[in-house]
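What follows is a set of notes on a single structure, which appears directly below.
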Amino acid sequence: MSRTVQMQPGFCSRLDQGTLCGFDREVIEAPTAPLLHQGARFLFINQGEGILRLQNADYSLRPGALVAILPWQLSQVMQVDSPLGYFILRYQLDTINEVVKSICNVRGEAVKLLEEMENSPVVYCGEQDAARVRQLLLTLQQETEEGEQPLREIYEVSLLTQLMVLFCRAGQQENRNFGRPRQQVDKSEIFRYLYTHLNEKITLQSLSGIFYLSQSAIRLYIREMTGLSFFDLLGEMRVARTINFLLYTDLTLEELAQILGYVDASHISKVFSARMGMRAGEYRRTYQKVGEICKIRESRLGYEVVAWIYRNHTEALTVHTVAKHFGITTEELHRLLLYQVEKNFESFLNYVRVLHASQLLAETDATITAIAMEVGYNTVKSFTRNFLRFQVMTPSRYREQALQARRDGKFKKKEKDI
């Protein structure tokens with residue numbers, strides 16, 4: 001019997017690929033099969049009780065529960081104690097996230113929507129908040145069913161923004177979020193990791209160091225879960241994100257190639273045409289509807305800054321030298337990074353360095369001091385402090401776990417592939 005997980009399509013509507021959101025209702029009386037979601041969605045529970053497994057963490061479902069599922073997350077209803085009735089709202093996450101951070105965020109505050117939604121994916125709304133969420137969803141349903149209306153996209157964006165704000169506020173309030181937090185990296189996180197790192201050079205070898213699994217184990221897991229090879233899955237993810245950028249930005253194919261990890265514009269055209277049956281430019285002309293509302297002027301510079309820091313993180317970078325390199329103020333640099341990666345300069349630089357160090361710890365026998373210097377730190381003390389911050393363990397402990405995984409046969413160099 002095949003174990004391949006059903007993949008939910010990334011479009012919000014089967015009828016209109018350019019729509020911002022789509023609405024549905026569902027009632028289930030028994031547990032479901034696992035689903036891998038290409039697009040983002042909210043679930044709002046109206047009736048019933050049960051257990052939802054999201055990224056291998058179990059959460060209680062009951063009336064008033066609002067669930068945020070992000071692209072390439074794995075979900076499954078494990079238990080139904082009484083028939084579950086809920087609303088399903090599919091929406092273009094990347095678009096709404098950019099609009100909220102730029103157009104709606106007039107004060108330029110640090111907005112970390114994705115971080116909030118990953119940290120507390122299920123929140124429980126009190127009676128008043130639940131009524132507001134239900135009304136927002138019903139209004140969105142009415143908009144999606146009435147067809148073309150004047151200023152429809154602007155209204156949908158405003159409603160989706162309100163819903164995301166309500167979700168994040170509920171998650172931040174004491175005793176509102178429930179379910180158990182994830183204590184360690186799980187295999188199901190591979191899909192989200194790939195999706196959020198598409199602009200980097202991702203290999204099976206680098207994934208092995210991050211997830212303590214052999215390359216063959218990762219390849220087999222992806223094949224069993226999706227029916228796709230590792231490279232076909234990367235292609236599927238890149239095309240899905242390409243569609244979103246084509247619909248809601250005016251970025252050129254050359255710029256999209258850099259953002260999404262393609263070789264160049266011709267590569268993106270070839271892959272897109274093979275998958276979608278039409279050229280990227282033709283797709284944009286056919287389905288793009290939102291127009292100027294979502295064309296973020298600072299997207300190009302933000303992506304350039306992020307890519308430059310990735311390429312130069314081993315150098316002695318400071319917020320002042322990087323800001324000077326791009327001809328902007330340090331305040332503008334912080335704002336761009338908070339917008340793009342939800343981290344300020346220091347946090348993002350240390351995050352990239354720690355990721356690089358983690359790979360070196362797992363794959364080489366270099367000393368901790370040598371690794372600290374190689375990734376850009378001047379002292380082992382500062383390296384250790386930042387490593388603890390992002391990996392929640394010391395570098396030596398991280399290496400011990402990698403070695404133990406090797407001894408257990410889960411982390412082997414594939415000699416047959418050499």
Hey, does [Y] have a side-chain heavy atom less than 4.5 Å from the side chain of [X]?
X	Y	answer
Met117	Met164	yes
His334	Glu331	no
Leu89	Cys21	yes
Leu194	Trp72	no
Ser75	Leu52	yes
Arg238	Leu234	yes
Leu66	Val122	no
Leu349	Phe345	yes

For the backbone of [Y] and the side chain of [X], can you confirm whether one donor and one acceptor N or O come within less than 3.5 Å of each other?
X	Y	answer
Gln73	Leu70	yes
Thr314	Gly376	no
Gln55	Leu74	yes
His325	Thr321	no
Thr226	Arg223	no
Ser358	Val354	yes

**OP:** Output, in order, the C-alpha distance, side-chain angles, deciding distance and verdict of side chain to side chain contact (heavy atoms under 4.5 Å, CB included) for Asp232 and Glu236.
**Re:** CA-CA 6 Å; Asp232 285 342; Glu236 188 80 13; over 6 Å; no

Could you tell me if [X] sits above the aromatic ring of [Y], with its cationic atom closer than 6.0 Å to the ring centre and no more than 45 degrees from the axis?
X	Y	result
Arg353	Tyr377	yes
Arg241	Tyr195	yes
Arg62	Tyr124	yes

If I compare all heavy atoms of [X] with all of [Y], which pair ends up nearest, and what's the gap?
X	Y	answer
Val27	Gly85	CG2-CA, 4.1 Å
Leu54	Pro121	CD2-CB, 3.6 Å
Ile268	Ala265	CG2-O, 2.8 Å
Pro395	Phe383	CG-CE2, 3.6 Å
Leu160	Leu140	CD2-CD1, 4.1 Å
Arg399	Leu361	NE-O, 3.2 Å

Subject >> Pair Ser214-Ser216, side chain to side chain donor-acceptor pair (under 3.5 Å): steps then yes or no >> reply: CA-CA 5 Å; Ser214 69; Ser216 59; 3.0 Å; yes

Quick check for you: to the nearest 0.5 Å, what is the distance between [X] atom [atom1] and [Y] atom [atom2]?
X	Y	atom1	atom2	value
Phe23	Glu143	CZ	CD	13.0 Å
Leu233	Leu36	CG	CG	8.0 Å
Leu159	Thr139	CG	OG1	6.0 Å
His37	Arg90	NE2	CZ	11.5 Å
Glu282	Phe272	CD	CZ	9.5 Å
Phe348	Leu336	CZ	CG	12.0 Å

Original post:
Taking the six-membered ring where the residue is Trp, are the ring centres of Tyr86 and Phe44 under 6.0 Å apart?
Top reply: no

Original post:
Take atom CZ in Phe231; do more than 12 heavy atoms of anything else shown fall under 6.0 Å from it?
Top reply: no

Original post:
Got a sec: does the CZ of Arg279 have more than 12 other heavy atoms crowding it under 6.0 Å?
Top reply: no

**OP:** Flag the pair Arg192 and Glu189 as a salt bridge only when some basic side-chain nitrogen lies within less than 4.0 angstrom of an acidic carboxylate oxygen.
**Re:** no

Original post:
Should Phe390 and Leu355 be marked as a side chain to side chain contact (heavy atoms under 4.5 Å, CB included) after you check the CA-CA gap, both sets of side-chain angles, and the distance that decides it?
Top reply: CA-CA 9 Å; Phe390 290 105; Leu355 284 182; over 6 Å; no

**OP:** Please report the C-alpha distance between Gln141 and Arg25 in whole Å, then the side-chain angles of each, then the deciding distance to 0.1 Å, and finally whether the side chain to side chain donor-acceptor pair (under 3.5 Å) criterion is met.
**Re:** CA-CA 10 Å; Gln141 178 188 18; Arg25 298 170 185 253; 3.3 Å; yes

Subject >> Parallel, tilted or perpendicular, as decided by the 30° and 60° cut-offs, for the rings of Tyr91 and Phe42 >> reply: parallel

**OP:** Name the orientation class of the two ring planes belonging to His356 and His313 (parallel below 30°, tilted from 30 to 60°, perpendicular beyond 60°).
**Re:** perpendicular

Original post:
Considering the options Leu246, Ile243, Val271, which one meets the side chain to side chain contact (heavy atoms under 4.5 Å, CB included) requirement together with Met276?
Top reply: Ile243

Original post:
Of the options Leu43, Asn46, Val77, which is the one that meets Leu84 in a side chain to side chain contact (heavy atoms under 4.5 Å, CB included)?
Top reply: Val77

**OP:** Could you please spell out the steps behind the side chain to side chain contact (heavy atoms under 4.5 Å, CB included) verdict for Ile190 and Tyr221?
**Re:** CA-CA 10 Å; Ile190 289 174; Tyr221 177 73; 4.1 Å; yes

**OP:** Step by step, work out the side chain to side chain contact (heavy atoms under 4.5 Å, CB included) result for Leu61 and Val80.
**Re:** CA-CA 9 Å; Leu61 296 180; Val80 178; over 6 Å; no

**OP:** Decide yes or no on side chain to side chain donor-acceptor pair (under 3.5 Å) for Thr32 and Gln76, but give the supporting numbers first.
**Re:** CA-CA 6 Å; Thr32 65; Gln76 182 178 11; 5.6 Å; no

**OP:** Taking ring-ring contact (aromatic ring centres under 6.0 Å, His included) as the test, write out the residues that go with His267, two or more places apart.
**Re:** Tyr262

Original post:
Under the side chain to side chain donor-acceptor pair (under 3.5 Å) criterion, do Ser158 and Thr161 qualify, and how do the steps go?
Top reply: CA-CA 5 Å; Ser158 70; Thr161 301; over 6 Å; no

Subject >> Distance-only donor-acceptor check, side chains Thr367 and Thr369, under 3.5 Å >> reply: no

